[in-house]
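Below: the structure, in structure tokens.
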There are 2 protein chains.
Amino acid sequence: MNDSGQDAGSSAGSRRKDARRNQQTLLDAAAAVFVTSGVEAPVRDIAAKAGVGMGTIYRHFPTRADLVIAVYRHQVDACAEAGPALLTTSPTPHAALGRWVDLFVDFLVTKHGLAAALQSDSAGFETLHAYFLDRLLPVCTQLLDAAAASGEIRSDLDAYQLMRGIGNLCIGAESDSRYDARRLVALLIAGLRHP
Amino acid sequence: MNDSGQDAGSSAGSRRKDARRNQQTLLDAAAAVFVTSGVEAPVRDIAAKAGVGMGTIYRHFPTRADLVIAVYRHQVDACAEAGPALLTTSPTPHAALGRWVDLFVDFLVTKHGLAAALQSDSAGFETLHAYFLDRLLPVCTQLLDAAAASGEIRSDLDAYQLMRGIGNLCIGAESDSRYDARRLVALLIAGLRHP
DNA sequence: TTGCAAAGCGGAACAGCGCTCCGTATTGTT
DNA sequence: AACAATACGGAGCGCTGTTCCGCTTTGCAA
């Protein structure tokens, strides 16, 4: 359960051949369905798209969150790893924070319903929330601390609140052309500057 | 459908006696259930709490959104009416905006799941979104314009985006003690000031 | 090659949801 | 007291997520 997604057999090829093949098929099908119908698409749709039964999906990914995590793991990891890099390549820590936040927002906004799922209180999605936090909170903390140390921003907002705020601002951004989450997040970051 | 909530018979006592009594019973039951189980509580729970059948609830309130609107109508109206008043009693338009936003945030944060329902893309909740917008967008626009005219804030963010941003920031605030929506909204408003 | 656990698969089945529909009961008017 | 008109209750439909178990596939061992 707290194996942070995927199956017990990890990604190495230890299981039976058909099992490995189905796992990959499911990941591809899920990715495709998430794009067209959003992250909260019916599990049956994913199973159908993969040409697989319901049982198979739940054996490979015990909970929906595990499937979502598996699909987006690479991109979340990339986002996490970009943090320290940005800190060295940006003119100031505050600029690095801004760029990293842009990266995160772009990721969330382009994944239908992901931001909403992250904050959803429906059972089964806490794992998703936890994974994002585990992976990104340390990076965000590092960037925030650096920017605070350089004196550019106030230091009375912790990384958790910032990330939740950003995640919240991204909810519904993909389905409402009148709403520009990037702009609002930028405003929020602007509000962090010392008065 | 676009009668903005409630029933055709409005609140006047034109219908049968038992119908009027049941409508009030339902409003009370819904208010009570919303407090304990949130706005997205099962309709059956509300019917049970009111000691009434499913049919009754849907005849009085054709959609869930209508019921939610009916329960909170007074408070939303109060919030809308407070806007112009604040404009005259506050030292500056920007201060009025800040106080009004606080009012709105306090309202959202104390109603379990209301902020989430507002942005929910589940069918049947667009009416709720529309009602809040109809009622509050003009007020927010007025406050925003006044603050922009006084030169205190930038004028390139419309009231719609601001309200959506605020609503989004309030999601989940009532069930996460580490997250303070009021603070983040304040930061967002701070970000509106001219640089 | 063949036999046979072990591992994996499919989808029927269950529970919980919103919402509809219609036979029955209540009202108030004649 | 009789009778429309109105309103009520809850069974039932379609949709979710999730579980469970009889059947199939796989791969090792003989």
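Note on naming: letters A, B, ... go to the chains in the order of the sequence lines (proteins, then strands), and numbering restarts at 1 for each one.
- Residues A:A41 and B:D18 each lie close to DNA chain D; by heavy-atom proximity, the contact nearer the 5' end of the strand is made by B:D18.
- Using cut-offs of 30° and 60° for the angle between ring planes, the B:F107 and B:Y72 rings count as perpendicular.
- Among the protein residues, A:R44 comes within range of the nucleic acid bases, having at least one heavy atom under 4.0 Å from a base atom.
- With rounding to whole Å, A:R21 atom CZ is found 15 Å from D:dG27 atom C1'.
- A straight line from NZ of B:K17 to C1' of D:dC8 spans 16 Å, rounded to a whole angstrom.
- Whole-Å rounding puts the A:Q23 CD to C:dA7 P distance at 17 Å.
- Atom CD1 in A:I57 sits roughly 13 Å away from atom P in D:dT16 (whole-Å rounding).
- Of the candidate nucleotides C:dC19, C:dC9, D:dT18, C:dC19 has the atom nearest to the side chain of B:T63.
- The distance from atom CG of A:L67 to atom P of D:dT18 is 11 Å, rounded to the nearest whole Å.
- Residue A:R64 has a polar side-chain atom (N or O) positioned under 4.0 Å from OP1 or OP2 of D:dG17.
- Side-chain heavy atoms closer than 4.5 Å link hydrophobic residues (I, L, V, M, F, W, Y) into clusters, and following such links, even through other members, never connects B:I171 to B:I166.
- Neither OP1 nor OP2 of D:dA7 sits under 4.0 Å from any side-chain N or O of B:H60.
- In this structure, A:R59 reaches the C:dC9 phosphate: one of its side-chain N or O atoms is under 4.0 Å from OP1 or OP2.
- The closest donor-acceptor contact from the side chain of A:R20 to the backbone of A:R15 lies under 3.5 Å.
- Counting to the nearest Å, the P atom of C:dT27 and the CG atom of B:N22 are 10 Å from each other.
- Residue order along DNA chain C, read from the 5' end via each residue's closest nucleotide, puts A:G53 first among A:G53 and B:D45.
- The phosphate of D:dG9 has OP1 or OP2 within less than 4.0 Å of a side-chain N or O from B:T56.
- A donor-acceptor contact under 3.5 angstrom links the side chains of B:H60 and B:Q23, judged on distance only.
- Put simply, A:L133 and A:V71 are part of the same group of oily side chains (I, L, V, M, F, W, Y) that touch within less than 4.5 Å, one to the next.
- One N or O donor and one acceptor, one from the side chain of A:R16 and one from the base of D:dT25, sit under 3.5 Å apart.
- Atom CE in A:M54 sits about 14 Å away from atom P in C:dC9, given to the nearest Å.
- Atom CZ of A:R20 and atom C1' of C:dC9 are 16 Å apart (whole Å).
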